[in-house]
Amino acid sequence: MSESVTYTVPAIHCAHCAMSIREEVSEVEGVDEVVVDLDTKVVTVSGNDLDDAALRAAIVEAGYEAA
């Protein structure tokens with residue numbers, strides 16, 4: 001069953017930020033789609049059996065912190 005989670009990432013501000021986050025988060029098991037909205041600074045992740053800790057760790061690996 002597909003689910004969706006959102007994270008606020010205040011430090012994102014450009015296309016490179018968005019790309020870095022998409023690349024890291026996309027590698028987490030179960031992730032189908034990662035959408036980064038630069039205007040609202042929100043990352044939306046869709047997929048199956050999403051692991052919050054793994055998703056937050058991927059955002060940190062990209063160089064950002066999820067609120």
Side-chain angles (χ1 to χ4, degrees):
M1 183 165 167
S2 186
E3 61 184 299
S4 182
V5 294
T6 59
Y7 300 98
T8 301
V9 185
I12 59 175
H13 62 278
C14 67
H16 182 267
C17 298
M19 182 183 71
S20 296
I21 291 171
R22 275 194 303 270
E23 286 178 357
E24 289 294 335
V25 175
S26 292
E27 292 180 14
V28 175
E29 186 174 334
V31 171
D32 293 328
E33 180 180 34
V34 181
V35 176
V36 180
D37 186 323
L38 292 174
D39 293 330
T40 61
K41 300 184 184 305
V42 170
V43 176
T44 304
V45 183
S46 301
N48 295 303
D49 298 320
L50 298 174
D51 180 345
D52 181 65
L55 295 172
R56 288 179 181 275
I59 292 170
V60 168
E61 184 67 28
Y64 304 91
E65 190 165 327

Participant: Donor-acceptor pairs are to be reported for all side-chain atoms of residues 28-36 against protein atoms at under 3.5 Å, with residues two or more places apart or in another chain.
Facilitator:
none

Participant: Once side chain to side chain contact (heavy atoms under 4.5 Å, CB included) is applied, do any residues pair with Asp37, and if so which ones, sequence neighbours excluded?
Facilitator: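 With neighbours one apart ignored, the set is Asp39, Thr40.
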
Participant: Identify whether Val43 and Val5 are in the same connected component of the hydrophobic contact network (ILVMFWY, side-chain heavy atoms under 4.5 Å).
Facilitator: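 Looking at the clustering, Val5 is in the same group as Val43.
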
Participant: Identify every side-chain donor-acceptor pair in residues 11-27 under 3.5 Å, counting partners at least two apart or on other chains, and give the distances.
Facilitator:
from	atom 1	to	atom 2	distance (Å)
His13	ND1	Ala11	O	3.2
Ser20	OG	His16	O	3.0
Ser26	OG	Arg22	O	2.6

Participant: What pairs of donor and acceptor atoms, side-chain ones from residues 54-66 against any protein atom, are under 3.5 angstrom apart with sequence neighbours left out?
Facilitator:
from	atom 1	to	atom 2	distance (Å)
Arg56	NE	Asp52	OD1	3.3
Arg56	NE	Asp52	OD2	3.1
Arg56	NH1	Ala66	O	3.3

